[in-house]
Amino acid sequence: MAAEGARGPDWVGRGIGLAVFAGGIVLLIIIFVRINQLGVGLPNLGQKGELERWLFRSGLDAVKLFISGLVASWIAGRGAQLYAAANRAISAD
């Protein structure tokens with residue numbers, strides 16, 4: 001007999017939590033691939049000002065990818081929290 005006030009896990013919440021977690025992990029993988037490709041296009045050093053433009057563009061890309069990584073890890077963390085919360089569901093009765 002189950003304890004009074006307790007119920008089984010919330011399967012819908014668990015499924016949504018796993019889906020959100022998996023989505024966050026997929027976003028992190030995409031970001032890691034983009035970071036790996038960040039320094040591929042090196043500038044033509046013969047042209048004046050090309051190096052500065054390349055450095056600025058690369059720095060801006062790095063900042064965008066850093067912020068995207070933070071958001072993706074936040075999404076994955078929220079999915080894990082949702083999954084864990086669905087396991088601790090307590091009946092309101």
Exercise. What residues, two or more places apart in sequence or in another chain, satisfy side chain to side chain contact (heavy atoms under 4.5 Å, CB included) together with V12?
Worked result: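 Listed in chain order: D10, I16.
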For this session: Applying side chain to side chain contact (heavy atoms under 4.5 Å, CB included), name anything that partners L65, two or more places apart in sequence or on another chain.
Result: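 With sequence neighbours excluded, L65 shows a side chain to side chain contact (heavy atoms under 4.5 Å, CB included) to I31, R34, I35, L38, given in chain and number order.
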Please tell me whether [X] and [Y] are part of a single hydrophobic cluster in this structure, the criterion being side-chain heavy atoms less than 4.5 Å apart.
| X | Y | result |
| --- | --- | --- |
| F32 | L70 | no |
| L27 | L82 | yes |
| I25 | I75 | no |

Seminar exercise, completed: Residue pairs meeting side-chain hydrogen bond (donor to acceptor under 3.5 Å, both in side chains), one or both in residues 72-83, sequence neighbours left out, come to R14-Y83, R78-Q81
Problem set entry | W11: hydrophobic cluster co-members (side-chain, 4.5 Å) | none
Exercise. So which heavy atom on A86 is nearest to which on G13, and how close?
Worked result: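 Closest approach of A86 to G13, heavy atoms only: CB-C, 3.7 Å.
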